[in-house]
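Notes for the one structure printed next.
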Amino acid sequence: MKIRTRFAPSPTGSMHIGNLRTAFYAYALAKHDKGDFVLRIEDTDKKREVEDGVEDIKDILGIFNIKWEELYVQSERLDLYKIAAEKLVNDGYAFYCECEAKNAKKEGFSLELRDPCRDKKLTSGAIKLRTPENEWITFTDYVLQKKVSWNTSVVSDATLLKTDGFPTYHLAVVVDDNDMNISHVLRGHDWMPSTPIHLLVYKYLGFKVPEIGHLTDIMDPEGGKLSKRKGSTSVRGLLEEGYLPEAIFNFVILLGWAPKDNRELYTLEEFVEFFDPKGFQKGNPVFNREKLDWFNGEYIRNLPEKDLNLKFQMANAKFGELEKEKQIAITKLLKERIKKISDVNDIAKFFWETPVVDKELFGENYKEHLESAIEVFEEIKDWNIENIGTFSLELCERKKFHRGDFFMDLRVAITGMKFTPPINDSILILGKEETLARLSRVVKN
RNA sequence: GGCCCCAUCGUCUAACGGUUAGGACGUCGGGUUUUCAUCCCGAAAAUUUCUGGGUUCGAAUCCCAGUGGGGUCACCA
């Protein structure tokens, strides 16, 4: 049978890194077997829905090259859920309830599993599941590869259809996954506790239960589930910070999944090719920024200069205003020494901004170094890298300057920083005039 | 608190019941280099696989308990 998976996000805010990972896994699981991957928008909570939420989801999937065969929107399928819910009532597996909706509990936890309207035989209101007493319900988790069981006595009379006519997740997933012929359900671990509800609904509706697997949660280094509070975990945020989609993808698929040979580098296509559900981890992984940085560096260095140049242009307007040749030259210098695209803002700033030079950074003989440099540079007729190099070296030789000290003073005077791209290449790009101007400015102050 | 899941270097992880428990990131040291970075080489790092029992000739691998971590208990998903 053909594998069909789905990614079922809610348009309730910016997409989280964990959600994206679920999409990658579901996509790879299907595509590895030439199956279908479908996108389903779960917009059944109108209160929490955000504007452009759906567009944002599609946009992000597009950035990561994830394509779907079919698209469904739950709010357009309300009849289906209503029919299913009413069927459950008619068959005695669900009941109407007119109680006031419970708010999300602020503190503590509710102990009432059974709803007071259970046996009132009402004919309108919300529809809730008539959970049976003391039955064992079991399924084999596709990710965990083990049986998990519950006694229905600890399962609540969950709401299936809300009074506004919208289904809750519990009803909608079951109806949709069945209707859309989903063969494998991959979802967050937080869904595990409500799985018995779904299992009951499957059973009462007479549907075949698909493979269901619960993925690990990505943890925060500080402890607890990764949250927006602690650092940037939204996909947008990471993208804006200067992480490449390829790096984010590669990093995130390896949090919670690993191949037998521990290979580290994967493109989307390669991940699909080598994907094996046996590689799913059971323990929660920790989000490790250093490793993401490493992946990003790898992908930045592998990027064609033309593409990297474009990324810099998008990241920094000032950079984009530079002459084309200068942009390319700077790109080459930056390529090997940045971790994030946004690093261009700091490390290359001196190219379009005269730096504020802190004299503390200079060595003892900096005045002599810089004054000599001005003299020598003025003599250079053809401002090219060979001349800059030989004239400088010759100067150090002649005046017995310590090379490292001389170049460091030059570096600080030109850039205002101690860690910079190669200084000769930098002043070549800056030009003779600007270089001289910066040097004399420092010497005069 | 009830229920459910999980447990190998700091982190991500590999290891037919039989390995000196392997790799990657990070860290440290060295080489290249006019800084930083890249690149190359090397090392430390798991008090031997959370603890305690058991099964077995033999356990990181199987079983049980404890401890620890995580999730969840809404007309939210």
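Note that these values count all heavy atoms, side chains included, but never hydrogens, waters or copies made by symmetry.
Heavy atoms of A/A126 sit under 4.0 angstrom from at least one base atom. Contact annotation for A/K335: no contact, since no heavy-atom pair falls under 4.0 Å across all strands. A/G256 comes within 4.0 angstrom of the backbone, heavy atoms only, and of no base. A/P11 comes within 4.0 angstrom of nothing in the nucleic acid, heavy atoms only. A/K260 comes within 4.0 angstrom of the backbone, heavy atoms only, and of no base. Using a 4.0 Å heavy-atom distance criterion, A/T216 is classed as making no nucleic acid contact. Among the atoms of the strands shown, base atoms are found under 4.0 Å from some heavy atom of A/P422. At a threshold of 4.0 angstrom between heavy atoms, the contacts of A/R263 with the nucleic acid are absent. Here A/L144 lies in heavy-atom contact (under 4.0 Å) with sugar-phosphate atoms only. At a threshold of 4.0 angstrom between heavy atoms, the contacts of A/C99 include nucleobase atoms, whether or not backbone atoms are also involved. When heavy atoms are screened at a 4.0 angstrom cut-off, A/M219 is found touching the sugar-phosphate backbone but no base atom. The residue A/W191 sits close to a base: some heavy atom pair falls under 4.0 Å.
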Checking A/F280 against A/F275 for the ring pair (Phe, Tyr, Trp, His ring centres under 6.0 Å) test, could you report, in this order, the C-alpha distance in whole Å, the side-chain angles of both residues, the deciding distance, and whether it holds? CA-CA 10 Å; A/F280 278 132; A/F275 182 80; 5.6 Å; yes
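The partner of B/U33 cannot be assigned: no Watson-Crick or G-U wobble pair with both contacts below 3.5 Å exists in any strand. Pairing partner, B/A74: none, since no Watson-Crick or wobble contact has both distances short of 3.5 Å. Nucleotide B/A43 is matched to B/U27 when pairs are restricted to Watson-Crick or G-U wobble geometry with both distances under 3.5 angstrom. Across every strand in view, B/G68 sits in a pair with B/C6 that passes the Watson-Crick or G-U test at under 3.5 angstrom. Remark: B/U56 base-pairs with no nucleotide; criterion is Watson-Crick or G-U wobble with both hydrogen-bond distances under 3.5 Å.
Remark: A/Q281 is in phosphate contact with B/A14, judged by side-chain N or O atoms under 4.0 Å from OP1 or OP2. OP1 or OP2 of B/C76 sits under 4.0 Å from a side-chain N or O of A/K47. For A/K225, no side-chain nitrogen or oxygen approaches OP1 or OP2 of B/G71 to under 4.0 Å. Contact between the side-chain N/O atoms of A/K162 and the OP1/OP2 oxygens of B/A77 is found at a separation under 4.0 Å. For the OP1/OP2 pair of B/C76 and a distance below 4.0 Å, the side-chain nitrogens and oxygens of A/K46 include no atom meeting the criterion. Distances shorter than 4.0 Å separate none of the side-chain N or O atoms of A/S149 from OP1 or OP2 on B/C4. Distances shorter than 4.0 Å separate none of the side-chain N or O atoms of A/S10 from OP1 or OP2 on B/A77.
Between the side chains of A/D217 and A/N284, no donor-acceptor pair is found at a separation under 3.5 Å. Using modelled atom types and a 3.5 Å distance limit, the side chains of A/R236 and A/S14 yield no donor-acceptor pair. Side-chain contact, A/Y72 with A/D176: no donor N or O sits under 3.5 Å from an acceptor N or O. Judged by distance alone, the side chains of A/E98 and A/S124 do bring a donor and an acceptor atom under 3.5 Å apart. In the model, A/Y243 has a side-chain atom that pairs as donor or acceptor with a side-chain atom of A/D293 under 3.5 Å.
Note: CH2 (A/W257) to P (B/A24) measures 18 Å, nearest angstrom. Taking atom CG of A/D220 as the reference point, atom P of B/G10 lies 19 Å away to the nearest angstrom. Here B/C6 presents its C1' atom at 7 Å from CG of A/N284, a figure rounded to the nearest Å. In this structure, A/F280 places its CZ atom 16 Å from C1' of B/C6, rounding to the nearest Å. When rounded to the nearest whole Å, the span between CD of A/E100 and P of B/A74 equals 15 Å.
Nucleotides B/C39 and B/A46 place their P atoms 27 Å apart, quoted to the nearest Å. To the nearest whole angstrom, the two C1' atoms, one in B/G22 and one in B/U49, are 13 Å apart. Across B/G26 and B/C40, the matching P atoms stand 13 Å from one another, rounded to whole Å. Across the C1' atoms, B/A44 and B/G29 are found 10 Å apart, a figure rounded to whole Å. Comparing the C1' positions of B/C64 and B/G1 gives an interatomic distance of 24 Å, to the nearest angstrom. Comparing B/G31 with B/U19, their P atoms sit 39 Å apart, to the nearest whole Å. The P atoms of B/G23 and B/A43 are separated by 10 Å, rounded to the nearest whole Å. Remark: the separation of the P atoms in B/C25 and B/A21 is 23 Å, to the nearest Å.
Ranked by how close their nearest RNA chain B nucleotide is to the 5' end, A/P285 and A/H170 are led by A/P285. For the pair A/W136 and A/Y169, both in contact range of RNA chain B, the more 5′-proximal nearest nucleotide belongs to A/W136.
Side-chain N or O atoms of A/K120 include none that pairs as donor or acceptor with a backbone N or O of A/F95 at under 3.5 Å. With hydrogens and angles disregarded, no donor-acceptor distance shorter than 3.5 Å links the side chain of A/S194 to the backbone of A/I197.
Which of B/A37, B/C75, B/C3 sits closest to the side chain of A/V154 comes down to B/C3. Closest approach to the A/A258 side chain among B/C5, B/C36, B/A14 is made by B/A14 (side chain taken as heavy atoms from C-beta onward). Across B/A37, B/C76, B/C25, the shortest atom-to-atom separation from the side chain of A/E290 is found for B/C25. With distances taken from any side-chain atom of A/V286 to the nucleotides B/U11, B/A24, B/U38, the minimum falls on B/U11.
Each of A/D157, A/D115, A/D119 was compared with A/K128 under the salt bridge (charged side-chain N to carboxylate O under 4.0 Å, His left out) criterion, and only A/D115 meets it.
The ring of A/Y27 has its center closer than 6.0 angstrom to the ring center of A/F37. Annotation: A/F271 is in aromatic contact with A/W257 [ring centroid separation under 6.0 Å].
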Sort me out a list of protein N/O and nucleotides 20-23 of chain B N/O pairs below 3.5 Å, or just none if empty.
unit_1: B/G22; atom_1: N2; unit_2: A/N262; atom_2: ND2; d: 2.2

Show me the protein contacts with nucleotides 28-34 of chain B, counting only N or O atoms at under 3.5 Å.
unit_1: B/U34; atom_1: O4; unit_2: A/N424; atom_2: ND2; d: 2.7

Atom pairs, N/O to N/O, protein against nucleotides 64-68 of chain B, distance under 3.5 Å?
none

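Residue-to-nucleotide contacts include a donor-acceptor pair under 3.5 Å from the side chain of A/T163 to the base of B/C75.
Salt-bridge formation is not detected for the pair A/R337/A/D343: no Lys NZ or Arg NE/NH1/NH2 atom is positioned less than 4.0 Å from an Asp or Glu carboxylate oxygen.
Within the 4.5 Å cutoff, the side chain of A/Y81 has heavy atoms near those of the A/Q74 side chain. Taking 4.5 Å as the limit, every side-chain heavy atom of A/F166 sits out of range of all side-chain heavy atoms of A/D45. Two residues are said to be in side-chain contact when any heavy atoms from C-beta on lie closer than 4.5 Å; A/D261 and A/F274 fail this criterion.
In this structure, A/R403 forms no cation-pi arrangement with A/F407, as its terminal cationic atom is not both closer than 6.0 Å to the ring centre and no more than 45° off the ring axis.
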